[in-house]
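Worth saying up front: this structure is predicted, and the values here are computed from it rather than measured. The chains referred to below are lettered A, B, ... by the order of the sequence lines, with proteins before strands, and numbering in each begins at 1.
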Number of protein chains: 2
Amino acid sequence: MVMAPEATDWREARRESARHAIVQTAWALSRELGLAGWSIRDLARRSGITTPTVYAYFESKNAIYDTMFGQAATEFADRQAESYDDADPRGRLLASTHRFFEFCSNDPPRYQLLFQRTLPGFEPSAPSYEPAVRALAKAGEMLAACGVTDARHLDLWTGLIRGLVDQQLSNDPGGDRWERLLGECVDMFLAHCALSVTDPPRQPEG
Amino acid sequence: MVMAPEATDWREARRESARHAIVQTAWALSRELGLAGWSIRDLARRSGITTPTVYAYFESKNAIYDTMFGQAATEFADRQAESYDDADPRGRLLASTHRFFEFCSNDPPRYQLLFQRTLPGFEPSAPSYEPAVRALAKAGEMLAACGVTDARHLDLWTGLIRGLVDQQLSNDPGGDRWERLLGECVDMFLAHCALSVTDPPRQPEG
DNA sequence: GTCTATAGCTGGATAGAC
DNA sequence: GTCTATCCAGCTATAGAC
């Protein structure tokens, strides 16, 4: 007997829903114990199933991490793509930066997975990685709208923001000690870029 | 029979030397396999001894990490304390920043151990930690000599430099893509600080 | 798909002879 | 202090009954 297509869809939907539940548990454990702080056994126990059942849905622990990575990358891209109220480019850049900062500091394990690459032996697959690339391109457009296109300046920008996020997460988790410097940082950076359009570049240093 | 004091010293010296050799091997393994990528067995094999012998010199794996931490912190403090050729404060700040950057990027596992705190379950002991505090105070003096004393600006500074180091290590290991931005970064930062002494502070943002 | 049971391995750390 | 031998806990992953 041939299966009606809807039956296949139901099965697929159920399977997807079960996979989703497992991954949600993995996120919860990562927030409690750290990204590398839980085992498949822990994950199974917390999900109310047994270890082999986990392997019925994911072929390995890294496959779970990869699904988490893809989910996080999609969330990141969606968040950055949402519309902005501000009319001027500087306001849009600041808003986008705040969004990025909050995205990172609201969920440290997610930040660690997406940007810190500290899981031994894990590399995200190409499809999981793609949305993250899309979102980073968006940041480039924001800067271009502010007149910043120099490759050196783009690197300077990514370094600046990354440092503020890292300091926030490691020295004042849950606080806003570095987050509240974002506006000042944007102004400092844009002023600098505006100047170096008119000024000649400096001497290279020894 | 009573032991002559020199005999005790010889023994102590031999013991210290053996401890040192083990720790040097641990550094080598950390550079090859990552800070958390080696086991006590690996360490013993590479040192030409057996596992229990390692425990004759260190009471646990974390005790080895703690010794490594203390060594790294001392190197850091010594390097920062070396004299500076430059006469002007800005030159000295730039030189000190370059030193810091090189100190970090020359030895990624050392940077990870000292500043990233990513080893699960490891906290440095107070004596191991002390030299690092001393070296960080030195950075504060450098900034003060440039007229930067505002707490916000100190936080901004640590974020800036940390971000450049992190980007260098994770996106261009062994290169200088972010290192060569250091001079520009110092100028941008000092110009900004000089301005905000004269300008009124900005509105807080919503 | 879900279970019980376990293989197969690696880890940190130790007992006890020498 | 150094070894051989081993304990015991933890891990990822799988075999096979149902």
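In this entry the distance linking NZ of A/Lys61 with C1' of D/dA13 reads 12 Å, nearest Å. Taking atom CG on A/Asp42 and atom P on D/dT12, their separation rounds to 8 Å, with Å as the unit. The nearest whole Å value for the distance from the CD atom in A/Glu59 to the P atom in D/dA13 is 9 Å. Summarising the geometry, the separation between CZ on B/Arg41 and C1' on D/dA9 is reported as 12 Å, rounded to the nearest angstrom. Distance OH (A/Tyr57) to C1' (D/dA13): 18 Å, rounded to an integer number of Å. Per the geometry, CD1 belonging to A/Ile40 stands 9 Å off C1' belonging to D/dA13, to the nearest Å.
Applying the side chain to side chain donor-acceptor pair (under 3.5 Å) test to B/Arg110 and every residue at least two apart in sequence or in another chain returns B/Glu75.
The closest side-chain heavy-atom distance from A/Ile64 to A/Leu43 is below 4.5 Å.
At a threshold of 4.0 angstrom between heavy atoms, the contacts of B/Ser39 are confined to the sugar-phosphate backbone, with no base atom among them. Across all strands, A/Arg15 comes closer than 4.0 Å only to sugar-phosphate atoms, never to a base (heavy-atom distances).
For the pair A/Arg45 and A/Asp42, the salt-bridge criterion is met [side-chain N within less than 4.0 Å of a carboxylate O].
Residue pairs that meet the salt bridge (Lys or Arg N to Asp or Glu O under 4.0 Å) test with at least one member in residues 47-74 of chain B, sequence neighbours left out, do not exist here.
A donor-acceptor contact closer than 3.5 angstrom links the side chains of A/Arg162 and B/Ser170.
Of all nucleotides in DNA chain C, those with any atom nearer than 4.0 Å to a heavy atom of chain B start and finish, going 5' to 3', at C/dG11 to C/dA15.
When the shell of 6.0 Å around CG of B/Asp88 is examined, it contains more than 12 heavy atoms from other residues, nucleotides or ligands.
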